[in-house]
Amino acid sequence: MTSSANARAGGSTRASRTNVVRQALRFLRRCWTGEDITAATTIGGCALLVAIVWLLESGVSTGLRALGVVDPAATIGGWAIAGAYLLLGGLHDHRALQRRAERERSRLSIRLALATRGLERLVGERGRVVDTDLDSHGEPRRLWRIDDSRGEELLVAVEVANSTPDADGSRRIYFLRVPPGIRSCRAAVAWTFGIDADGYEPAVET
Amino acid sequence: MAERPILVRQGDVLLRAVGAIPVTATPLDRDAGRIILAYGEVTGHAHAIEAPAAEATLLTTEENRRFLRLMAGVDLVHEEHATIRLSPGLYEVILQREWTDDDDVQRERARWRFD
């Protein structure tokens with residue numbers, strides 16, 4: 001194997017390790033924030049399993065202790081660890097479900113507000129501007145965002161002006177809802193046409 | 001560096017120049033002799049091309065992608081937008097879209113992995 005091939009193989013292994021670490025960190029983050037109910041349940045289930053093992057061990061220890069074989073302190077430690085696992089698992093599952101319920105409430109509230117108030121009025125009342133720029137005609141564009149109580153995105157919309165002016169010279173303003181995660185006006189408009197922000201540069205626009 | 005495809009936009013319609021049209025694409029019927037790229041939802045206005053069939057054809061694929069084949073320069077007209085002169089060539093027709101509540105539901109489902 002040549003040195004460059006070795007370097008490539010080494011790079012690939014490093015990249016693979018980095019990927020595993022990144023995925024593990026992502027999994028832990030999702031567990032911690034309660035985003036992943038599957039992970040939460042897995043952790044809760046593991047905690048329960050460990051607790052059962054410890055309880056069994058503890059029972060055996062109790063029997064042995066009656067015979068004077070095991071130090072009683074070890075049994076008490078086992079009970080304490082099993083209890084801690086149970087408590088943490090339970091708390092985690094509770095936290096995950098609570099977070100999910102909060103998020104659902106916020107989303108329902110936004111959907112209701114959208115249906116009754118309309119996008120334009122809603123972002124005007126509850127939104128904040130996170131990006132501004134000028135379109136190809138020099139008209140301002142604004143990216144609006146509405147967050148939930150924890151600061152996570154609930155709704156993102158871009159405010160743009162019509163390319164062709166009306167008879168009186170003014171340009172009509174309209175709002176377009178775009179996916180959460182979009183950070184710039186340009187990316188938002190590009191998304192509405194299914195194009196990357198870098199590739200969006202119309203040669204002609206009316 | 002790869003060359004960017006030419007983009008032409010009239011309101012909520014974007015035309016992207018392409019190198020080829022899928023062979024499975026089939027021609028679409030005209031509306032009163034015109035090629036209609038999109039109708040306005042409320043106004044009834046339309047992004048339209050008035051040209052003989054030999055010069056302009058609108059095609060569609062099974063995946064509902066639409067393509068425009070222009071053998072000559074034609075005008076893309078609309079009641080509210082300035083007319084655009086299109087050069088001969090092949091274009092993909094892309095309509096502007098918006099994020100919806102259904103998109104939101106699907107995104108949340110994927111995020112929470114609850115179902």
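Model, not experiment: these values are computed from the prediction. Just so it is clear: chains get the letters A, B, ... in the order the sequence lines come, proteins before strands, and each one is counted from 1.
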Original post:
Do the non-hydrogen side-chain atoms of B/Arg107 and A/Pro179 ever get within less than 4.5 Å of each other?
Top reply: no
Subject >> Part of A/Ile195 lying under 4.5 Å from any heavy atom of chain B >> reply: side chain
Subject >> Option in A/Glu201, A/Arg107, A/Glu205 with maximal non-hydrogen atom pairs under 4.5 Å from chain B >> reply: A/Arg107
Contacts table for residues 82-89 of chain B: side-chain donor-acceptor under 3.5 angstrom, sequence neighbours left out:
| from | atom 1 | to | atom 2 | distance (Å) |
| --- | --- | --- | --- | --- |
| B/Arg85 | NH1 | B/Asp75 | OD1 | 3.2 |
| B/Arg85 | NH2 | B/Gly73 | O | 3.0 |

Subject >> Sidechain-backbone polar pair: B/Arg97 side chain, A/Trp191 backbone, donor-acceptor under 3.5 Å >> reply: yes
**OP:** Pick one of side chain, backbone, both or neither for A/Phe175, based on which atoms fall under 4.5 Å of a heavy atom in chain B.
**Re:** backbone
Original post:
How far does OG1 of A/Thr206 sit from CG of B/Leu76, to the nearest 0.5 angstrom?
Top reply: 7.0 Å
Original post:
Given B/Asp104, which of A/Arg111, A/Arg103, A/Arg177 fulfils the salt bridge (charged side-chain N to carboxylate O under 4.0 Å, His left out) condition?
Top reply: A/Arg177
Original post:
Which residues in residues 130-142 of chain A have a heavy atom less than 4.5 Å from any heavy atom of chain B?
Top reply: none
Subject >> Contact origin within B/Ile6 toward chain A - heavy atom pairs under 4.5 Å >> reply: side chain
Original post:
Looking at A/Val204, A/Val189, A/Thr192, A/Val178, which has the largest count of heavy-atom pairs under 4.5 Å with chain B?
Top reply: A/Thr192
Subject >> Minimum side-chain heavy-atom gap A/Phe193-B/Arg16 below 4.5 Å >> reply: no
Original post:
Non-hydrogen atoms of chain A under 4.5 Å away: do they reach the side chain of B/Leu15, the backbone, both or neither?
Top reply: neither
Subject >> A/Leu114 portion near chain B, given a 4.5 angstrom heavy-atom threshold >> reply: side chain
Subject >> chain A contacts, top residue of B/Leu95, B/Leu14, B/Val8 (heavy-atom pairs, under 4.5 Å) >> reply: B/Leu14
Subject >> B/Val105 portion near chain A, given a 4.5 angstrom heavy-atom threshold >> reply: both
Original post:
For B/Glu63, does the CD atom sit with more than 12 other heavy atoms under 6.0 Å from it, leaving out its own atoms?
Top reply: yes
Subject >> 4.5 Å side-chain heavy-atom contact, B/His81 and A/Asn162 >> reply: yes
Original post:
Above 12 or not: heavy atoms from other molecules or residues under 6.0 Å from CZ of B/Arg69?
Top reply: no
Subject >> Heavy-atom proximity to chain A below 4.5 Å, by part of B/Asp103 >> reply: neither
**OP:** With a 4.5 Å cut-off on heavy-atom pairs, point out which of A/Asp198, A/Leu154, A/Ile110, A/Val156 contacts chain B the most.
**Re:** A/Asp198
**OP:** With a 4.5 Å cut-off on heavy-atom pairs, point out which of A/Gly194, A/Pro180, A/Gly199 contacts chain B the most.
**Re:** A/Pro180
**OP:** Count the heavy atoms belonging to other residues, nucleotides or ligands that lie under 6.0 Å from CG of B/Asp29, then report whether that count exceeds 12.
**Re:** no
Subject >> A/Ile182 versus chain B, the contacting section by heavy-atom distance below 4.5 Å >> reply: neither
